[in-house]
Structure formats: structure tokens, C-alpha cells
Amino acid sequence: MRLSRYFLPVLKEAPSDAQIVSHQLMLRAGMIRQEAAGIYAWLPLGLRVLKKIEQIVREEMDRAGAIELLMPTLQLADLWRESGRYDAYGPEMLRITDRHERELLYGPTNEEMITEIFRGSVRSYRDLPKNLYHVQWKFRDETRPRFGVMRGREFLMKDAYSFDLDAEGARKAYNRMFVAYLNLFGRMGLKAVPMRADTGPIGGDLSHEFIVLAETGESAVFCHKDLVEMPAPGPDVDWYGDLQPLVNKRTALYAATEEMHDEAAFNALPEGDRLSARGIEVGHIFSFGTKYSEPMKAVVTGPDGKDVPVQMGSYGVGVSRLLGAIIEASHDEAGIIWPESVAPFHVGIVNMRQGDAACDAACETAYAALKAAGKDVLYDDTDARGGAKFATMDLIGLPWQLVVGPKGIAEGVVEIKNRKTGERHTASLDSVLEGLTESKTA
RNA sequence: CGGAGCGUAGCGCAGUCUGGUAGCGCGCCUGGUUUGGGACCAGGAUGUCGCAGGUUCAAAUCCUGCCGCUCCGACCA
């Protein structure tokens, strides 16, 4: 993408409404624009990152055996009356009436609808297990939206729903999501710690929140410090085998959110192992048995010929919130530092002297070569000064900056800078391009 | 929803107390000089001062109502 043709409205100063660094940086980097309290338009740069995150989530869901579909944002009130949640959910649910005076709601979550879809098509235990998910916009009419996309009213969520014949199957489904979540957050460069959590209005008795530690986190959390650095299991696990040991390795160590915190158990840890911090909830998984399948009559015929309500679980990832969480975890004074896996562009080309024939030619060569190699590249072909160009590149946090200037060109070299480490090297354009096109696209 | 605060140019702000017809920095436009980490000079454009009433000769400024946004708390992916 040529910057001169792109839409990247960067700001030098942060709007005063933005309080936390991720919100400020998203506004300054031209990623989002606020339209109302807790409601944001996604500008081109922000949308690129959103889609990359969404895609990682999708790939890890698919790997763990979940199947994607797409449910609508609007739902009929009657569906929620079946589970009893239409009245129970309260004012956080945005209720709408159509021209026929039919009561609708803008979905805050989809347990009812997926249960309705499931019961309409599945009759036999032979069709189990199943895990269906979608990535869709949700609306929760928060009393107090804040911190930009971290607590918006409209937000993008991945929600998966598992269906099993019995408790043992449900536990396996839960474990698959547990491991998938470790992997998916790991791929985004996040250290997300699973913690015992309250189940809230979703219900059920088994639940973990995945928490990214950050000073600006909304919840107080307590855990064993070893959990923070524990690496993700990776993709090569036996998804339909026994994942319990992998899960146990994490759940054996103390980790709880404020609501589930057990001061005595925490204090039993050696003092050096205790970590008391603040965290951002980026995922939440639940196993809730027959809470929905029973009242909504989602039953399958078991091997014994008798109908039983299916065992269910639900698994959410706050996709739009992850942008904020990643920035909170990865930035410096100059701006965002994107992990390569979610960066909006892999490399930015900085033409120090737009209009200089040699510089322009070298940049065009680099631009074409990188695009041909399948790299997302942002070419700053504007006539802004070098300093301003560097500031923009640093702000939007691209992993690599390829600097082409007249001094270097005269000596036959260009500069390549790593945003994260700040390291700069000069080398011939060819060898720099070779390095960039070979480098891993995590 | 309880408490607090803020709405003036694209962004950051001053002006409001003490009423006199709107300003600063950045950004933007034009021309020129520049050019290796947010340049300089000269010129220029941009506002229903959140909205609606009221008081007054006169309202960004005072009064009333409404709307929007933010922060603390309670609640939540």
C-alpha cells in the first residue's frame, strides 16, 4: 500500500477523552474513531489488525476441531424467554421492536440461538461431539463503557459452543478449548494466564478466565508466578486424546480472579511465588452442563435409546478487546510495537527523499519485490520529512522499517530497522530484501 | 445507576469568575528555502462557542431545561 493513496489519519496529540495508553495509541495511529460511547468505527489500519487477530483465532479454533458458522446479530425475544434469560439479563440487553411490534434484541451472546440451531438438526449421540463457533459483533449496553475497545458496548467476539453426550465428553471439549486458547493467545505474543473464575449469568460450575497481566487491567488477579512464563503447548497435541495432563499442569498452580480468590490458599504459597497483579480478561470458558439444553429441549437419543439433554459449554474470546490488550502489553514512548503475527503491515518503506530519482527507483524496486513475496508493505511515498515519517512508522508499530535515502543510495546501501529492538543495520538493498522476504510470517 | 467533571476550528487548549460580537499551538492550503529521526520564512482558509428557551441594548460568558462525552464507584467478553 502506498501511503499517499491510503487512509491513515494519525494524530500528534492524543484526544483528551482517551485515558489509557492503548486507547490513545489506537486513536493516534488512526486505527479507530469513536462514534458514540463505547462504539467505534474501525479505520483501515485498525481493521487490518482486527482481521489478523480474528484469523489467528479462527485457525486455532479449526485446529481444535471447532466448526465455523455465522449467526445473526438480531435475535427474537421469544428464544430468550425459553431459557428464562430475557428477563434475567437486565438493562444490559439492547431490546428492539420492529415494525410489526415483534420484540427483538441485539445479541449479547448466543447460547440460546446455538442451542436452537443444534436441536433443530441433531437427534443422535452419534453426531456428537460437536463444537460450533462464530465471530460476530455483540452488543451489551454497559452502564459505563471505557478504555476504548477494551470495554466497548459493541464489540467483536468469537464464541464457540460445545455439545457432548455426557460429562466426560464435555470435560474433553472444555480441555480442547483450554489448550486452543493457550495456543491462540501465545501466537499473538501474549502471556495469558488461565484463572479460576466466576461463571456469572452464563451459569455452570467449571470456568476459567484467560488473563493478560497489565497495570491498566480492570480486575485484580492472584496467581503463582510460574504460570506467567509457562509456554503454550503448541499445535502438535493429540486433540482428541487426553489433554487433561496439559490442563492440570496449569490448574495445579494457584490462579484466581478477585471473585474466586482464596486468600488463605494464596498465602500458603512461598512469598516469592505469589503474584498479585491486575489483568485484562481476553477469554472466558464455561462448562455448564444442561443449563440451556434442558429448558430448551436440546436432546439426543443415546446408545440406550433414551433421550438425554446434551452437555454444553461456551468459550469466548474478546477479539476487538485483544487489540487493546496487545497494545497495553507491547508499546513504548514512540508508539505501538506490534508482534509480527498481528502487525497491520510487515514492513514500512521510508523514502527519505521522495522525488529523488535514485531513491524513488530503489523504493519502487523494494515495494514491488516485497509485494511479490506476499508481504504486507506500507510505502511512505509522501513528501513529508524523514523525521515525520519515522515518527509515523514508530507510532503505527510496523515490525520493520526499510529506510532509503540519498546518502545510503550513493554508497549502495539501505538501512533496515527493527521496531522492537531498535536495532539498525545497513546493507545492500538486495540483501535486505532477501532477509525480509525470507523472515518468518509467524 | 450513585458521585464528580467537561462540551469553543481536524487535535490539544485559552477566553466564562468580572457580558461588549472569538483567540493560541499543532495540523491544513499557497509560494519559497530546506531535507538522515516530528524543519524554517512569508501569506492564507477553517467556528450555527453541544442544542433549545430565557434575562439583557448586547450572551461563548448569566439563568433554566435537554443532549453528548469523560472520570471514580457498583456491574460486565
Using 30° and 60° as the class limits, which term best fits the ring planes of [X] and [Y]: parallel, tilted or perpendicular?
X      : Y      : result
A:Y181 : A:F185 : perpendicular
A:Y367 : A:Y379 : tilted
A:Y161 : A:H134 : tilted
A:Y174 : A:F178 : tilted

Atom [atom1], compared across [N] and [M]: separation rounded to whole Å:
N     : M     : atom1 : value
B:U70 : B:G12 : C1'   : 16 Å
B:U56 : B:A9  : P     : 30 Å
B:C11 : B:C69 : P     : 15 Å
B:C71 : B:G32 : C1'   : 48 Å
B:G73 : B:C26 : C1'   : 36 Å
B:A60 : B:A45 : P     : 22 Å
B:A14 : B:C66 : C1'   : 27 Å
B:G23 : B:C49 : C1'   : 12 Å

side-chain contact (heavy atoms from CB on, under 4.5 Å) against [X], all qualifying residues, sequence neighbours excluded:
X      : value
A:E215 : none
A:K191 : A:V228, A:E229
A:S431 : A:A427, A:S428
A:P145 : A:A37, A:E142, A:R153

Tell me whether the count of non-hydrogen atoms from other residues, nucleotides or ligands lying under 6.0 Å of CG in A:N418 goes above 12. yes
If you count the non-hydrogen atoms of other residues, nucleotides and ligands that lie under 6.0 Å from NZ in A:K51, is the total more than 12?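 No, the 6.0 Å shell around NZ holds no more than 12 heavy atoms from other groups.
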Tell me: [atom1] of [X] to [atom2] of [N], nearest whole Å?
X      : N     : atom1 : atom2 : value
A:I20  : B:C71 : CD1   : C1'   : 13 Å
A:E142 : B:C71 : CD    : P     : 13 Å
A:E258 : B:A74 : CD    : C1'   : 13 Å
A:L27  : B:C11 : CG    : P     : 11 Å
A:E218 : B:A74 : CD    : C1'   : 13 Å

Atom pairs, protein N/O to nucleotides 46-49 of chain B N/O, distance under 3.5 Å:
none

So do the side chains of A:L378 and A:I396 get within less than 4.5 Å of each other, counting heavy atoms only? yes
Taking 4.0 angstrom as the limit, do [X] and [Y] come out as a salt bridge?
X      : Y      : value
A:E60  : A:K158 : no
A:R2   : A:E364 : yes
A:E103 : A:R81  : yes
A:R196 : A:D262 : no
A:E59  : A:R187 : yes
A:R419 : A:D332 : yes

Assigned partner base of [N], Watson-Crick or wobble definition, under 3.5 Å:
N     : value
B:A60 : none
B:U21 : none
B:A39 : B:U33
B:C49 : none
B:C6  : B:G68
B:C1  : B:G73

All N/O contacts under 3.5 Å from nucleotides 13-15 of chain B to the protein, with atom names and distances to one decimal?
from, atom 1, to, atom 2, distance (Å)
B:C13, OP2, A:S16, OG, 3.0

Quick check: A:Y254 with A:H261 (ring centres under 6.0 Å apart)?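 Between A:H261 and A:Y254, the centre distance is under 6.0 Å.
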Less than 6.0 angstrom separating the ring centers of A:F345 and A:Y6, yes or no? yes
Is it the case that the side chains of A:N110 and A:Y133 hold a donor-acceptor pair, with the cut-off being a distance below 3.5 Å and no angle test?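 No.
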For nucleotides 28-30 of chain B, give me every protein contact, N/O to N/O, under 3.5 Å, one pair per line with atom names.
none

Sole candidate of A:Q55, A:M157, A:R58 that passes side chain to side chain contact (heavy atoms under 4.5 Å, CB included) when paired with A:V135: A:R58
Of the options A:V149, A:L156, A:V282, A:I56, which is the one that meets A:V319 in a side chain to side chain contact (heavy atoms under 4.5 Å, CB included)?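 Among the candidates, only A:L156 passes.
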Of A:G283 and A:P145, whose closest RNA chain B nucleotide lies nearer the 5' terminus? A:P145
Within [range], residues whose heavy atoms come under 4.0 Å of RNA chain B:
range                       : value
residues 29-40 of chain A   : A:Q34, A:A36, A:A37
residues 171-179 of chain A : none
residues 156-164 of chain A : none

Shortest non-hydrogen contact from A:A369 to A:L433? CB-CD1, 3.9 Å
Write down the atom of A:M150, the atom of A:R321, and the distance for their closest heavy-atom approach.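 Of all heavy-atom pairs spanning A:M150 and A:R321, the closest is O-NE, 2.9 Å.
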Which nucleotides of nucleotides 36-41 of chain B have their base under 4.0 Å from a protein heavy atom (B), which only their sugar-phosphate (S), and which neither (-), written as one string 5' to 3'? BBBB--
Name the one of A:K417, A:R28, A:K420 that satisfies salt bridge (charged side-chain N to carboxylate O under 4.0 Å, His left out) with A:D394? A:K417
When we call it a touch if two heavy atoms are under 4.0 Å apart, what does A:A18 touch: a base, just sugar-phosphate, or nothing? nothing
So what does A:G152 hit on the nucleic acid, given a heavy-atom distance under 4.0 Å: a base, only sugar-phosphate, or nothing?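 Base contact.
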Using modelled atom types and a 3.5 Å cut-off, is there a donor and acceptor pairing between side-chain atoms of A:T257 and backbone atoms of A:V221?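 No, the answer is negative, given that no donor and acceptor are paired below the 3.5 Å cut-off.
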Which atom pairs link the protein and nucleotides 5-9 of chain B when you take only N or O atoms and keep those under 3.5 Å?
none

Presence of donor-acceptor pair under 3.5 Å, side chain of A:E13 and base of B:G25: yes
